[in-house]
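See structure below.
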Amino acid sequence: MRKTLPIGIDSFRKVRETDRYYVDKTLLIRDFIEAEDEVALVTRPRRFGKTLNMTMLREFFDITKDSRAIFDGLKIMDTEHASQINSRPVIFFTFKDCKADSIESLVFKISTIILTEYERYRPLFNIGIDESKACYITFNMIYGMLLNRNISTDFLEIAIVTLEQALYENYN
């Protein structure tokens, strides 16, 4: 069977699982690890694979996934960094589809994206973690506010920081 191009597909997992052509860019993962940056700004022109590369990074690091099969045969698995696969909590947001005619509509769309990440990690807070810690109490409060759509632009920043703090507390 002949492989096809992944036209319009920006999910690394989908590209690999549907056996599409893929130019191996997994050594980008090594570059991120070895750079030891606290923050990385990834800029590329439009339609240059930013989201595909970001989903590749998410799939490699995300502790909530098992990604070994989709990285099988790729260059990163031949490095000393292969042992770091699925070793970290990952917060992943893409705003590529956030188009709105008003600030209220944009806040609603962004809050939906943030809520999705809260829901991915929600099971952590239902399995006996020390819920007396302030970040867990705040996590649950913000989760409820996201569900009820009781949000503002300032709230979005607090929601992201709280998710980060809760994951840090849990995974160190």
Side-chain angles (χ1 to χ4, degrees), residues 6 8-17 22 25-26 28-33 35-67 70-71 76 81 84-126 129 134-172:
I9 300 173
D10 59 10
S11 165
F12 178 77
R13 180 173 289 276
K14 188 171 183 178
V15 167
R16 295 291 291 161
E17 288 179 343
Y22 174 72
K25 297 180 184 177
T26 58
L28 175 68
I29 296 165
R30 177 197 62 199
D31 296 344
F32 268 81
I33 293 169
E36 296 182 356
D37 295 330
E38 285 191 28
V39 175
L41 175 63
V42 178
T43 60
R44 300 280 187 279
R46 231 180 135 219
R47 310 293 312 154
F48 236 74
K50 289 181 296 295
T51 304
L52 183 61
N53 284 336
M54 294 299 104
T55 61
M56 174 190 65
L57 288 165
R58 175 186 61 192
E59 289 292 340
F60 184 83
F61 288 114
D62 195 341
I63 200 166
T64 68
K65 298 178 181 251
D66 180 2
S67 302
I70 63 173
F71 282 93
I76 190 63
H81 303 297
Q84 295 188 45
I85 193 166
N86 302 127
S87 63
R88 295 174 172 91
V90 172
I91 300 171
F92 183 83
F93 302 124
T94 179
F95 301 113
K96 68 182 184 73
D97 296 323
C98 281
K99 296 170 184 75
D101 295 331
S102 68
I103 190 71
E104 293 81 14
S105 178
L106 183 60
V107 167
F108 181 84
K109 289 178 180 183
I110 292 172
S111 69
T112 301
I113 292 166
I114 294 170
L115 176 61
T116 300
E117 286 299 285
Y118 266 74
E119 288 175 340
R120 267 188 349 106
Y121 288 105
R122 180 88 172 114
L124 288 177
F125 302 97
N126 292 330
I129 290 174
C135 69
Y136 299 136
I137 294 167
T138 308
F139 176 96
N140 286 313
M141 180 187 71
I142 289 176
Y143 178 71
M145 292 171 74
L146 285 166
L147 282 174
N148 294 323
R149 302 302 182 172
N150 184 11
I151 48 181
S152 67
T153 53
D154 292 333
F155 173 79
L156 296 176
E157 179 182 351
I158 292 166
I160 293 169
V161 169
T162 299
L163 178 59
E164 181 184 59
Q165 289 172 339
L167 293 175
Y168 178 80
E169 288 283 330
N170 188 63
Y171 291 105
N172 206 15

Which atom pair, heavy atoms only, marks the closest approach of I158 to I142? CG2-CD1, 3.7 Å

Out of curiosity, I91 CD1 to T116 OG1, how far, rounded to the nearest 0.5 Å? 13.0 Å

If you define the side chain from C-beta out and look only at heavy atoms, does anything of I33 sit under 4.5 Å from F61? yes

Out of curiosity, S11 OG to E17 CD, how far, rounded to the nearest 0.5 Å? 7.5 Å

Nearest 0.5 Å, what's the CE-CD1 distance between M56 and I70? 10.5 Å

All heavy atoms of A100 vs all of L106, minimum pair found to be CB-N, 3.5 Å

Could you check whether atom CG of D101 has more than 12 heavy atoms from other residues, nucleotides or ligands sitting under 6.0 Å from it? no

Answer yes or no: is there a donor N or O on one side and an acceptor on the other, between the side chain of D10 and the main chain of L52, under 3.5 Å? no

Does atom NZ of K109 have more than 12 heavy-atom neighbours, drawn from other residues, nucleotides or ligands, at distances under 6.0 Å? yes

Would you check if the side chain of Y118 reaches a backbone N or O of A159 as a donor-acceptor pair within less than 3.5 Å? yes

For a 4.5 angstrom cut-off between non-hydrogen side-chain atoms, does F139 reach N170? no

Side-chain contact, heavy-atom cut-off 4.5 Å: T162 with M141? no

Name of the residue among R58, E59, R16 meeting side chain to side chain donor-acceptor pair (under 3.5 Å) with S67: E59

Can you name the nearest heavy-atom pair linking T26 to I76, along with the distance? OG1-N, 3.1 Å

Indicate yes or no: at least one non-hydrogen side-chain atom of T64 is less than 4.5 angstrom from one of Y121. yes

Run the side chain to side chain contact (heavy atoms under 4.5 Å, CB included) check on I151 and V107 step by step: do they pass? CA-CA 8 Å; I151 48 181; V107 167; 3.9 Å; yes

Check whether any side-chain heavy atom of E119 lies under 4.5 Å from a side-chain heavy atom of L147, and answer yes or no. yes

Heavy atoms of L156 and I110 approach each other most closely as CD1-CG2, 3.7 Å

Just so I know, are the side chains of F60 and Q84 near enough to count as touching, which here means a heavy-atom distance under 4.5 Å? yes

The test is side chain to side chain contact (heavy atoms under 4.5 Å, CB included); show your working for V90 and I63 and say whether it passes. CA-CA 7 Å; V90 172; I63 200 166; over 6 Å; no

Report, as yes or no, whether the 6.0 Å neighbourhood of atom OH on Y171 holds more than 12 heavy atoms from other residues, nucleotides or ligands. yes

Consider only side-chain N and O atoms of T112 and R149, and report whether a donor and an acceptor are under 3.5 Å apart. yes

Using ring centroids (six-membered ring only for Trp), state whether F12 and Y22 fall under 6.0 Å. yes

Using the side-chain hydrogen bond (donor to acceptor under 3.5 Å, both in side chains) criterion, which residues pair with T138? Sequence neighbours excluded. none

Less than 4.0 Å between a side-chain N and a carboxylate O, is that true for E117 and R120? yes

Any heavy-atom pair between the side chains of F155 and L146 that's under 4.5 Å? yes

Any non-hydrogen side-chain atom of T94 less than 4.5 Å from a side-chain atom of I113? no

Using every non-hydrogen atom in the two residues, find where R122 and Y143 come nearest and quote the distance to one decimal. NE-CE2, 3.2 Å

